[in-house]
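Have a look at the structure below before the remarks.
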Number of protein chains: 2
Amino acid sequence: MAIPRAAKTLRRTRIQEEKEEQILEAALDVFSARGFRGSTIDQIAEVAGMSKPNLLYYFRTKEAMHRALIDRVLYTWLEPLRAFDAEGNPEEEIRSYIRRKLEMARDFPRESRLFANEVLQGAPHIEDELKGPLKQLVDEKAEVIRAWTKSGKIVECDPYHLIFSIWSTTQHYADFDVQVRAVLGQEHAGDERFEDAARFLEQLFIGGLRPDSPRP
Amino acid sequence: MAIPRAAKTLRRTRIQEEKEEQILEAALDVFSARGFRGSTIDQIAEVAGMSKPNLLYYFRTKEAMHRALIDRVLYTWLEPLRAFDAEGNPEEEIRSYIRRKLEMARDFPRESRLFANEVLQGAPHIEDELKGPLKQLVDEKAEVIRAWTKSGKIVECDPYHLIFSIWSTTQHYADFDVQVRAVLGQEHAGDERFEDAARFLEQLFIGGLRPDSPRP
DNA sequence: CGGATATTTGACCGATTGGTAAACATTACA
DNA sequence: TGTAATGTTTACCAATCGGTCAAATATCCG
């Protein structure tokens with residue numbers, strides 16, 4: 001008699017790894033495009049090219065799929081912020097943070113939308129991650145920025161809102177892609193809109209944070 | 001014999017106006033919190049305090065409710081951008097645009113999330129509005145900004161991405177409210193986080209756009 | 001090979017979905 | 001007041017939802 005759920009076996013077989021990978025890939029497609037509630041297991045099954053009961057053999061519930069996906073993506077998603085270096089040159093650190101975040105918006109828009117959908121609807125499944133690991137990381141990096149402002153390396157400003165503004169401006173190009181495309185028109189359908197965005201954002205943030213920049 | 005749908009009558013009665021108002025108010029609550037696909041007519045009916053068939057007496061379908069809601073909210077939503085004045089002082093125009101948008105994020109977060117949900121999921125119901133009225137308005141205002149940069153009143157920059165960055169930074173406080181709260185912690189649970197944001201964003205944008213600001 | 005284990009599927013379940021039909025209640029107005 | 005039009009509700013529908021089950025099939029390994 002087979003052990004009812006693959007998850008309960010201790011050693012994972014080759015097939016298990018492959019299929020779980022396939023499922024999570026499909027789940028990312030669907031969840032990021034329609035949100036948790038708007039997605040159905042059948043849709044994920046179709047994208048994955050498997051039958052619905054087969055999905056449920058690897059993940060007991062729809063929630064389990066979603067959770068596995070979140071767990072898998074969250075760590076990498078925060079990587080750019082983690083790379084923020086206290087020892088580095090502030091201007092260059094901020095510039096490269098913006099660049100990395102923009103690259104992620106361009107190369108991993110589904111991951112961005114996955115979180116956006118989740119947070120937008122009240123973050124029912126990732127509240128703990130937000131208040132725990134995320135807050136901790138941001139607190140830490142905010143302290144770094146605070147030190148920069150204190151020492152006059154960048155203009156005095158609220159480090160939390162600085163981080164928020166970098167998040168929002170960069171992720172905007174993933175989360176609101178259709179709107180950006182609609183407004184820019186088809187002449188900017190290629191990837192050059194990310195280069196334009198990078199140019200603008202670097203100018204905005206570097207200019208806006210320069211310590212010798214004139215104050216209102 | 002009753003005319004099957006209120007919508008088909010030419011003159012709207014007092015009851016029709018009241019009930020449609022009630023329904024759209026409830027629909028805004030539900031659609032903004034769960035997105036179109038994640039919302040159910042029953043949920044809207046419960047919030048509105050009416051029976052499901054009664055809702056469907058005033059709006060034939062779930063889509064009709066959503067459309068009526070979008071139509072109602074879109075115009076006011078674009079009001080701040082429309083107020084952007086070519087004759088005004090650039091610095092003050094941008095400053096007050098940021099302030100207005102932040103006030104809307106604070107006072108009308110549901111409206112912001114309604115559009116965010118819609119755009120995030122590919123804007124299946126408002127594609128025409130994006131490519132039509134929205135694009136037109138942005139094109140027009142981008143031209144105003146372009147004139148300002150040409151005349152050296154603000155630093156040379158891409159006007160479209162400037163508008164995008166103002167949208168994203170301000171709406172972030174409505175759309176990603178739970179994340180902002182989680183990161184800031186409960187000490188910023190009140191409205192003062194909007195004041196902090198306003199201070200930071202004005203500093204960022206005014207500093208970053210000043211024509212005499214040092215260039216990278 | 002052969003049997004144990006792991007994987008896959010079709011048929012099915014109760015709950016919920018968007019929406020309808022028709023009986024019933026209320027309102028407006030001559 | 002009477003009656004036609006408007007408004008509301010109960011009961012219901014087919015389709016779809018997340019999930020189960022048992023039987024069928026594929027794989028692994030001695």
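Below, chain A is the first sequence line, B the second, and so on; all start at residue 1. Everything numeric here is computed off the predicted structure, so don't read it as measured data. Basis for what follows: all heavy atoms, side chains included, without hydrogens, waters or symmetry-related copies.
- Computed from coordinates, the D42(B) CG to dT17(C) C1' distance equals 8 Å when rounded to whole Å.
- Rounded to 10°, the helix from dC1(C)-dG30(D) to dA30(C)-dT1(D) has 10° between the axis fitted to its first five pairs and the one fitted to its last five.
- Distance CD/E143(B) to NZ/K141(B): 12.0 Å, rounded to 0.5 Å.
- For R34(A) and dC17(D), the CZ to C1' distance is 13 Å, given to the nearest whole Å.
- Taking only side-chain nitrogens and oxygens, Q16(A) comes nearer than 4.0 Å to OP1 or OP2 of dT7(C).
- Candidate nucleotides dT20(D), dT7(C), dT17(C) were compared by shortest atom distance to the side chain of T40(B), and dT17(C) ranks first.
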Donor-acceptor list for residues 107-122 of chain B side chains, cut-off 3.5 Å, not counting sequence neighbours:
{"from": "R110(B)", "atom 1": "NH1", "to": "E25(B)", "atom 2": "OE2", "distance (Å)": "2.9"}
{"from": "R110(B)", "atom 1": "NH1", "to": "D29(B)", "atom 2": "OD1", "distance (Å)": "2.5"}
{"from": "R110(B)", "atom 1": "NH2", "to": "E25(B)", "atom 2": "OE2", "distance (Å)": "3.4"}
{"from": "S112(B)", "atom 1": "OG", "to": "D175(B)", "atom 2": "OD1", "distance (Å)": "2.7"}
{"from": "R113(B)", "atom 1": "NE", "to": "A174(B)", "atom 2": "O", "distance (Å)": "3.1"}
{"from": "R113(B)", "atom 1": "NH2", "to": "A174(B)", "atom 2": "O", "distance (Å)": "3.2"}
{"from": "N117(B)", "atom 1": "OD1", "to": "Q121(A)", "atom 2": "NE2", "distance (Å)": "3.2"}
{"from": "N117(B)", "atom 1": "ND2", "to": "S32(B)", "atom 2": "O", "distance (Å)": "3.0"}
{"from": "N117(B)", "atom 1": "ND2", "to": "R113(B)", "atom 2": "O", "distance (Å)": "3.4"}
{"from": "E118(B)", "atom 1": "OE2", "to": "H125(B)", "atom 2": "N", "distance (Å)": "2.9"}
{"from": "E118(B)", "atom 1": "OE2", "to": "H125(B)", "atom 2": "ND1", "distance (Å)": "2.8"}
{"from": "Q121(B)", "atom 1": "NE2", "to": "R34(A)", "atom 2": "O", "distance (Å)": "3.3"}
{"from": "Q121(B)", "atom 1": "NE2", "to": "N117(A)", "atom 2": "OD1", "distance (Å)": "3.2"}

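- By the ring pair (Phe, Tyr, Trp, His ring centres under 6.0 Å) test, Y160(A) pairs with no residue at all, sequence neighbours left out.
- dC17(D) atom P lies 12 Å from atom CZ of R37(B), rounded to whole Å.
- Considering only residues two or more places apart in sequence or on other chains, T76(B) meets the side-chain contact (heavy atoms from CB on, under 4.5 Å) condition with none of them.
- In terms of phosphate contacts, Y57(A) brings no side-chain nitrogen or oxygen within less than 4.0 Å of OP1 or OP2 of dT9(C).
- No donor-acceptor contact under 3.5 Å links the side chain of K62(B) to the base of dG19(C).
- Atoms CD1 (I44(B)) and C1' (dG18(C)) sit 11 Å apart, rounded to a whole Å.
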Run the side-chain donor-acceptor check on residues 184-194 of chain A: report pairs under 3.5 Å with partners two or more places apart or on a different chain.
{"from": "R193(A)", "atom 1": "NH1", "to": "A189(A)", "atom 2": "O", "distance (Å)": "3.2"}
{"from": "R193(A)", "atom 1": "NH1", "to": "G190(A)", "atom 2": "O", "distance (Å)": "2.8"}
{"from": "R193(A)", "atom 1": "NH2", "to": "D177(A)", "atom 2": "OD1", "distance (Å)": "2.7"}

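- Rounded to an integer number of Å, the gap from CE of M50(A) to P of dT25(D) is 18 Å.
- For the pair L56(B) CG and dA11(D) P, the computed distance is 18 Å after rounding to whole Å.
- For a distance-only test at 3.5 Å, the side chain of K52(B) qualifies as a donor-acceptor partner of the base of dG19(C).
- Atom C1' of nucleotide dG18(C) and atom CD1 of I41(B) are separated by 5 Å, given to the nearest angstrom.
- The shortest distance between the side-chain N/O atoms of S51(B) and the OP1/OP2 oxygens of dT8(D) is not below 4.0 Å.
- Applying the side-chain contact (heavy atoms from CB on, under 4.5 Å) criterion to K19(A), with sequence neighbours excluded, gives I15(A), Q22(A), M50(A), Y58(A).
- Atom CG of N54(B) and atom C1' of dA11(D) are 16 Å apart (whole Å).
- Below 30°, between 30° and 60°, or above 60°: for F84(B) and Y97(B) the angle between ring planes is above 60°, a perpendicular geometry.
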